[in-house]
Asks: 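Pasting a structure below so you can have a look.
The analysis underlying the following values was restricted to heavy atoms, covering all of them including side chains, and did not include hydrogens, waters or symmetry mates. Model, not experiment: these values are computed from the prediction. In what follows, chains carry the letters A, B, and so on, assigned in the order in which the sequence lines appear, proteins first and then strands, with residues in each chain numbered from 1.
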Protein chains: 2
Amino acid sequence: MSTTPAPAAPRRARGRPRKDQTHPDAPRARLLRTGVEILTEKGFSAVGIDEILGAAGVPKGSFYHYFGSKEAFGLALIDAYADYFAAKLDRWFGDDEIAAPLDRLCAFIADARAGMQRHGFRRGCLVGNLGQEMGVLPEAYRERLAAVLADWERRTAQCLRAARDAGEIAADADCAQLAEFFWIGWEGAVLRAKLDRSTDALDVFADGFLAALRLDSSRPRVAPG
Amino acid sequence: MSTTPAPAAPRRARGRPRKDQTHPDAPRARLLRTGVEILTEKGFSAVGIDEILGAAGVPKGSFYHYFGSKEAFGLALIDAYADYFAAKLDRWFGDDEIAAPLDRLCAFIADARAGMQRHGFRRGCLVGNLGQEMGVLPEAYRERLAAVLADWERRTAQCLRAARDAGEIAADADCAQLAEFFWIGWEGAVLRAKLDRSTDALDVFADGFLAALRLDSSRPRVAPG
């Protein structure tokens, strides 16, 4: 087993020998992190276990010890990505330093935009990638992926409700449906940004969505001229 | 070589022996049609040439005679799909029997919706699938896929301009940007419909987009409550 410590692992106590067994989850965490990185770029079908093992520096035996199969690994990746992303949404949507709820949504969008740019538009969304590949993925993934999107929609709807309560959007706006609309279009925008290697699609979608929402716009339409 | 005629091939003259050489493009057309069918369902990476050959009833030698490589075949599939889809858009956007231009857009949406339903939500959009897979596809595909989307946007913008001229949408609407917004979101909706095996995402996106556009709506917002 490689002794390279996982980047996120806690620092070991001084003087103690470096042993992975002091960080029992390190190889597992490393496999998950590497798996998410590679699959957000390449999807599920095109990636073999060996590529992930090589990049993570973990032997095949450990992989099967922790996950049992590529199918189970994929489910664990979805869960890990869902946790990571829920924390990201909570961070932005719950950021009390940003007063206006719609500005919190804008901050999430700006963060996601910067993330795509930082990775040269190679990485998209794991859920979008796997959703697109559902035709060849285990059926068990379908329910899990849909549940993750429903969770993101729920968190986004909560942010939009706060915007509604703050008078930023119409008092009778259907925030659950607006959140669905957002995630349908945002996944499309991430896909397109990857294809175009440009933030244009993210900007066109976000600007149009926000312009259509905001009460203070003189022309509350999608993508105004 | 299989003597099964391609479904779209012209009917042979009575009494003449059935020979593929009387329909020189039949195996090529069959490979393209089968390739589009399989790749709209499964994407590029997960599908081997043998699966397409088997489904098309065409031997490997013919495949390499017509296309040379899987990479070249993929480009030919993009072109074939682009032609098929441009004709579909022209049919709906140019349908003089539908008076209002926005109703022509609605007719395209209804047709696409019915198509997804008819295929049990297994088939999505070839361009969306390949766009999502760009991380592992030949770089030559990127430009081609972007050009196809730009073409669809151009045709859609033309329909929206007609709607603007007819007073259905705001006189100062930026129809090119609205068309971009539409295709960003529509690709996201097709992806989600495939994942959910439901028309919900198509309906949420289309209703929200149209409600935001229409001047005659009392509440021209995205996805009104």
Asks: With respect to chain B, which residue among A:E41, A:E180, A:E143 yields the maximal number of heavy-atom pairs within a distance under 4.5 Å?
Replies: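 Going by pairs under 4.5 Å, I would pick A:E180.
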Asks: Using the ring of each side chain (for Trp, its six-membered ring), is A:F209 parallel, tilted or perpendicular to A:F205, with breaks at 30° and 60°?
Replies: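 Parallel, since the angle between the ring planes stays under 30°.
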Asks: When heavy-atom pairs shorter than 4.5 Å are enumerated against chain A, which of B:G128, B:A193, B:A146 gives the highest number?
Replies: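 Looking at each option in turn, the highest pair count goes to B:G128.
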Asks: Using a 3.5 Å distance criterion without hydrogens, assess whether the side chain of A:R113 forms a donor-acceptor pair with backbone atoms of A:D203.
Replies: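 No: the side chain of A:R113 does not pair with the backbone of A:D203.
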Asks: Could you walk me through whether B:F44 and B:Y141 pass the ring pair (Phe, Tyr, Trp, His ring centres under 6.0 Å) test, one step at a time?
Replies: CA-CA 11 Å; B:F44 189 85; B:Y141 287 24; 5.6 Å; yes
Asks: Is it true that A:D79 and A:R144 have a side-chain N and a carboxylate O under 4.0 angstrom from each other?
Replies: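 Salt bridge present between A:D79 and A:R144.
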Asks: Which one of A:R192, A:Q132, A:E187, A:K194 has the most heavy-atom pairs closer than 4.5 Å to chain B?
Replies: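 Greatest number of close heavy-atom pairs with chain B: A:Q132.
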Asks: For the candidates B:A176, B:A46, B:C175, B:G135, which exhibits the highest count of non-hydrogen atom pairs separated by less than 4.5 Å from chain A?
Replies: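 Heavy-atom pairs under 4.5 Å are most numerous for B:A46.
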